[in-house]
There are 2 protein chains.
Amino acid sequence: MYSQAEENYLKTIYNLESRQGSEVSTNLIASKANTKASSVTDMLKKLAAKNLVQYKKYQGVHLTELGRKSALKVIRKHRLWESFLVQKLNFKWDEVHDIAEQLEHVKSEVLIEKLDAFLKYPKLDPHGDPIPDAHGRTILNKTVVISAMKIGSAGVFVGVRDSSSEFLQYLNKKNLALGDRIKVIDIEPFDGSFHIETRTHRLVITKSVAENLCLKNVK
Amino acid sequence: MYSQAEENYLKTIYNLESRQGSEVSTNLIASKANTKASSVTDMLKKLAAKNLVQYKKYQGVHLTELGRKSALKVIRKHRLWESFLVQKLNFKWDEVHDIAEQLEHVKSEVLIEKLDAFLKYPKLDPHGDPIPDAHGRTILNKTVVISAMKIGSAGVFVGVRDSSSEFLQYLNKKNLALGDRIKVIDIEPFDGSFHIETRTHRLVITKSVAENLCLKNVK
DNA sequence: CGAAAAATTTAGATATAACTAAAAATATAT
DNA sequence: ATATATTTTTAGTTATATCTAAATTTTTCG
């Protein structure tokens, strides 16, 4: 199978690709992966040699079908382990990301199928992200990020795009939790920050925070 | 913390030391770890530099107090994960070793404490080995290996010294399971093989197999 | 004891995955 | 359109953990 480093790159590229549509650039991968562009170039060549990505010098990359499937397997493992940590071991949603980053690289098909069964085949992880099944399929989870919403619209907060403990702890501090109803009150034209309202309070969030909060049933 | 390679060496040295008493030799480590003696020498120097082992050229090694504690932490993790795999995920005892070899290297103190609690603080793993607590302490589990027994003596089979799937599958095939009462019928002076008897059948095992079966209440 | 055998260490190489600094290609902007 | 800035790649280095082959030390035994 693939090395941990390779699996991490696949996951990063998958995530960037699905948020971007188009080809993913070397620098973007480097910043997400906390490495240098030169390291990314090296790895892209390796992934291309293994037919995991389509790569043309200076033109960015995108995953091949094999790459996409491999990425989804890693993501499936990550999200199942996160579910395990929260549901069975009583971790909080902001504590599981780094541990799951390690667990996701454990090699065993049987293990992950048995874990899935033990957890009763969950469809969403603790951050509201859909868990791919063994074939890479997910339930459709039509959400809108706050940054794409208009003034006056509202929805239910069902997921985050950044599940780092830093970001989740910020949400905890601001009293924002999955399930909350959130309404967009105003958008600052100057810096793009959002004034939002929940059932209990109002607050201002930056544009970049708004890009990481996913809402459902937005009207 | 320590690298996976370092942790694996610590575990190997710990196991050899506790079965041997004396200093552990380079070649012995190499054969247990499936590497070459030269690789072992390199690693021993590294471990010595980190104060994990006492090492003198050509004289073998033994763990320092720090090394012993570190080894016990890895062993604790390994055995807790094995218990999880068998008790919660319904793996068989011969299927868990390789997966636990991977899981044991996941870095998180909290994780292992929560796992321990989830499993209700088990004292023995699925192979009958005692699980060290957070301080490295284990219940005393006085057992005798068959190879140390006399003709006519008998006891209850409570543990194995080799928990590789190959060995455990051999035991399955020979219909030997934890809890069985085993009696030594005869010892071949020629090759040291043992004729043993359970409640249901008789069989002959080699000396090396006899060295890996642990019995309790031997009389 | 001293030669042969066995065990161990050293020296030098390899693979992975990172890095820095310099070079090359692409994009931007006057 | 051409100079400048940005992005990306290349070249060369580093660290980890292996390996083989040769050298060295220890052990064994006639």
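What you are looking at is a predicted structure, and each value in this text was computed from that prediction instead of being measured. Per chain, numbering begins at 1; letters A, B, ... match sequence-line order.
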| Most 5' of A:V40 and A:K57 on DNA chain C, judged by nearest nucleotide | A:V40
| request: Using whole Å, report how far NZ of B:K50 lies from C1' of D:dA15. | output: 11 Å
| query | Base, sugar-phosphate alone, or nothing: which one does A:T41 contact when heavy atoms must sit under 4.0 Å apart? | reply | base
| Presence of donor-acceptor pair under 3.5 Å, side chain of A:S25 and base of D:dT7 | no
| message | Just checking A:Y9 against A:Y2, ring centres under 6.0 Å apart? | response | no
| message | If the cut-off is 4.0 Å, is B:K36 near the phosphate of D:dT18, judged by side-chain N/O to OP1 or OP2? | response | no
| Between B:S39 and D:dT18, does any side-chain N or O lie under 4.0 Å from OP1 or OP2? | no
| In whole angstroms, how far is the C1' atom of D:dT7 from the OH atom of A:Y58? | 9 Å
| request: Figure out the NZ/C1' separation between A:K56 and D:dT8, and round it to whole Å. | output: 15 Å
| remark: So the salt bridge (Lys or Arg N to Asp or Glu O under 4.0 Å) pairs with at least one residue in residues 7-27 of chain A (sequence neighbours excluded) are A:E7-A:K107, A:K11-A:E101, A:K11-A:E104
| Does the C:dT20 base have a donor-acceptor partner in the side chain of A:S38 within less than 3.5 Å? | yes
| Interatomic distance, A:L44 CG vs D:dT8 P [rounded to whole Å] | 10 Å
| said: Between A:H127 and A:H97, is the ring centroid distance below 6.0 Å? | reply: no
| message | Return whichever of B:Q59 or A:A5 has its heavy-atom-nearest nucleotide of DNA chain C closer to the 5' end. | response | B:Q59
| query | Any side-chain N or O of B:Y9 under 4.0 Å from OP1/OP2 of D:dT18? | reply | yes
| message | Rounding to an integer number of Å, can you tell me how far A:D42 CG sits from D:dT14 C1'? | response | 13 Å
| message | If you compare every side-chain N and O of B:Y55 against the phosphate oxygens of C:dT9 (OP1, OP2), does one of them come in below 4.0 Å? | response | yes
| note | Between CE of A:M43 and C1' of D:dT9 the distance, given in whole Å, is 16 Å
| message | Can you give me the closest heavy-atom contact between A:V144 and A:A148, atom names plus distance? | response | CG1-CB, 4.1 Å
| field | A:K45 vs D:dT10: side-chain N/O to OP1/OP2 distance below 4.0 Å | value | yes
| task | Quickly work out the B:Y2 OH to D:dA15 P distance and round it to whole Å. | result | 20 Å
| query | Does a nitrogen or oxygen in the side chain of A:N27 sit under 4.0 Å from OP1 or OP2 of D:dT8? | reply | yes
| request: Give the C-alpha distance, both sets of side-chain angles, the deciding distance and a yes or no for salt bridge (Lys or Arg N to Asp or Glu O under 4.0 Å) between A:R76 and A:D116. | output: CA-CA 10 Å; A:R76 168 172 165 74; A:D116 197 13; 3.0 Å; yes
| C:dT16 C1' sits how many Å from A:E6 CD, rounded? | 9 Å
